[in-house]
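In what follows, a structure is listed as structure tokens, so that the remarks can point back to it.
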Amino acid sequence: MDKSNENFVKAPLGMKDIFPDERLLWIEMENAAREEFELAGYHEIRTPVFEDTRLFVRSIGETTDIVEKEMYTFGDTPGSTITLRPENTAPVMRAYLEYELYKTKKFQKFYYIGPMFRKERPQAGRLRQFHQMGIEAIGSYDPLLDVETVKVATRVYDRLGLDGYVVKVNTIGCEKCRPGYRAILKEELLQYKDELCELCKARIDRNVFRVLDCKQEKCKEIRRNVSNTEDHTCNDCREHFKTVKGAFEDINLEYTIDPHLVRGLDYYTKTVYEITHTAMGARDTICAGGRYDNLISDIGGPPTGAVGFAAGMEASMIAIVNTRKKEPKSKPVTSSLAPDVYIVSISAETRNRCFKLLNELRLCGISVDMDYESRTPKAQMKIANKINSRFTIIMGPDEIEKGVIKLKNMQTGDETFSEDTDKIIQIVKGNK
Ligand code: ATP
Ligand code: MG
């Protein structure tokens, strides 16, 4: 097959298929997340994968990387465009507002797991369709909630056996104190203008906080020299942050303060945080979140406090797989693709009986397979070995004539002959 032929259709750039043998970690991660999220009172919400473009522009911010260059936007009905969701906080807020969920209960907690889309340069752990799992607590300004969301994220990671992650926290102030800090930051950064990357030079005027989020080494160096965000926050924000820090200590959740941490989305206020892991290299964030008290009002709703995070699932997985290799103390992934039983049909005439038995066994919750590729009995036995089925059933004219089932345990070699299907089922089930 000539894959370089222009007629050969490949997956779009930055899009990845997830194959059956990779799925175990996905399922493990999703299950751990669902259990921890629900334990903390978050309930699943599923929103569409695309939304009115204006939702993302208004919430994420016009001068962010996401809105400026990473969104997949398409024409829809005349005069409007839709965008594949680059993140899911804004869609959840849109649903909360559109369906007036606040009328039944102002304070609500949601979680989501699903694909997001950003037109980024594909690189290690960075895709154009990637997955995030996240939580959002809406309708409260309580600083303890900020810490609750971080704790929920770390509990998921702890369950998955991830070692060596670091929780970094900062406060970025609110609309009252941010203008003052913005002016100071601008002034300070202008001194380093020549040393900044081209993008950051422009960012000083356009959206100076973005400079603090630049991934270029030279810009990261410079950000160490500018004043801390916390020193320029108002009393209200400072008090809020004090309670956050106290709560981290109360529950013994280890964290470090990163005095220049900001996030790539404009909607954050007060607390911001990241969970990083060294397995990721330069782009080491596996989970990011914070408070976004203005988001709901930005998209037309009443002022509503809210906080949450989004964990990158591909990034988290790279970190987990890396830790497990070094220290396999976490529970190994045990389930496999091997069926419980593989049915070998000795002749064409016995296939119908095999098919019937296959369906009977499946009804009882046993995973069973048989040959659909006209293989010889010998080749079917080979397949049974290759796919590691725990048992084989061999069905020939003899067995049909006598009305028996011949079951072979592939590990011990023990054979059972029985006329009673229930007995066969018991043996297979008892051997799990
Ligand atoms: P970053 O600065 O890490 O690019 P961000 O500020 O652009 O993140 P967030 O929505 O806060 O965007 O990202 C949360 C996490 O989602 C990231 O830390 C990362 O693990 C994951 N993520 C974001 N973009 C991608 C992508 N293109 N491919 C894979 N994972 C991604
Ligand atoms: Mg990004």
Side-chain angles (χ1 to χ4, degrees), residues 11-16 18 26 29 33 56 59-61 63-72 83-93 111-136 149-150 153 156-157 160 162 165-170 172 199-200 203 207 209-216 219-220 223 258 260-269 271-292 295 307-322:
L13 189 69
M15 308 279 163
K16 199 175 168 295
I18 299 164
W26 282 91
M29 183 176 272
F56 300 116
S59 57
I60 299 172
T63 51
T64 56
D65 283 358
I66 296 177
V67 172
E68 277 185 339
K69 53 183 191 204
E70 295 176 355
M71 296 205 304
Y72 282 98
T83 295
L84 285 174
R85 61 181 188 194
E87 59 97 59
N88 210 29
T89 299
V92 173
M93 299 310 128
Y111 80 84
Y112 61 83
I113 300 176
M116 309 296 154
F117 307 84
R118 296 185 197 174
K119 217 182 289 170
E120 280 199 69
R121 190 170 62 81
Q123 51 184 302
R126 291 272 151 176
L127 295 154
R128 292 185 163 189
Q129 174 175 333
F130 61 101
H131 297 76
Q132 286 184 333
M133 50 191 199
I135 62 175
E136 321 284 358
T149 59
V150 182
V156 174
Y157 286 132
L160 292 165
L162 178 65
Y165 60 77
V166 177
V167 175
K168 295 179 181 166
V169 188
N170 193 24
I172 58 165
L199 251 171
C200 282
R203 282 172 175 150
N207 188 345
F209 297 113
R210 294 277 73 77
V211 178
L212 302 183
D213 195 34
C214 184
K215 309 290 189 292
Q216 302 273 340
C219 302
K220 278 190 185 169
R223 92 173 193 172
D258 179 342
H260 301 116
L261 179 72
V262 295
R263 298 291 317 136
L265 300 86
D266 275 354
Y267 53 59
Y268 287 110
T269 48
T271 316
V272 288
Y273 59 85
E274 282 187 355
I275 300 178
T276 61
H277 197 278
T278 48
M280 296 306 300
R283 305 198 72 163
D284 56 0
T285 312
I286 55 174
C287 174
R291 182 159 276 286
Y292 41 90
L295 203 170
V307 56
F309 69 75
M313 294 179 75
E314 285 83 356
S316 301
M317 248 173 251
I318 294 175
I320 289 163
V321 168
N322 252 276

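First listed ligand is number 1; within each ligand, the first listed atom is number 1. If you read the sequence from its start, that first residue is 1, and numbering goes on from there. The figures that follow rest on heavy atoms only: side chains count, while hydrogens, waters and symmetry mates do not.
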R263, any N or O under 3.5 Å of ligand 1 N or O: yes

Contact partition for E314 relative to ligand 1, non-hydrogen atoms under 4.0 Å: neither

Nearest candidate to atom 4 (O) of ligand 1, where distance is taken over non-hydrogen atoms, out of Q129, R126, Q132: R126

P122 to L13 - nearest heavy-atom pair and separation: CG-CG, 3.8 Å

Atoms of ligand 1 close to R283 [distance to a heavy atom under 4.0 angstrom, numbered from 1]: 1 (P), 4 (O)

Ligand 1 atoms in contact with A310 (distance to a heavy atom under 4.0 Å): 14 (C)

Mutual orientation of the aromatic rings belonging to Y292 and Y268 [parallel < 30°, tilted 30-60°, perpendicular > 60°]: perpendicular

Contact atoms of ligand 1, heavy-atom distance to G312 under 4.0 Å: 15 (C), 16 (O), 20 (O), 21 (C)

Side chain to side chain donor-acceptor pair (under 3.5 Å) partners for R128, two or more places apart: none

Ligand 1 contact by E274, heavy-atom criterion under 4.0 angstrom: no

Distance filter under 4.0 Å to L127 heavy atoms, resulting ligand 1 atoms: 26 (C), 27 (N), 28 (N), 29 (C)

Presence of salt bridge, R118 and E87, under 4.0 angstrom: no

Within-4.5 Å side-chain heavy-atom neighbours: I60 and Y267: yes

Option of least heavy-atom distance to atom 7 (O) of ligand 1 (set: K16, R118, E70): R118

Min N/O separation E87 to ligand 1 under 3.5 Å: no

K215 side chain vs D213 backbone, donor-acceptor pair below 3.5 Å: yes

Side-chain donor-acceptor pair present, Y273, T149, cut-off under 3.5 Å: yes

Part of R128 with heavy atoms under 4.0 Å of ligand 1, whether side chain, backbone, both or neither: neither

Residues that Q216 engages under side chain to side chain donor-acceptor pair (under 3.5 Å), provided they are two or more places apart: none

Non-hydrogen side-chain atoms of R223 and V211 separated by less than 4.5 Å: no

Polar proximity ligand 1 side, E120 side, N/O cut 3.5 Å exclusive: yes

For A315, the ligand 1 atoms whose distance to one of its heavy atoms is below 4.0 Å: 20 (O)

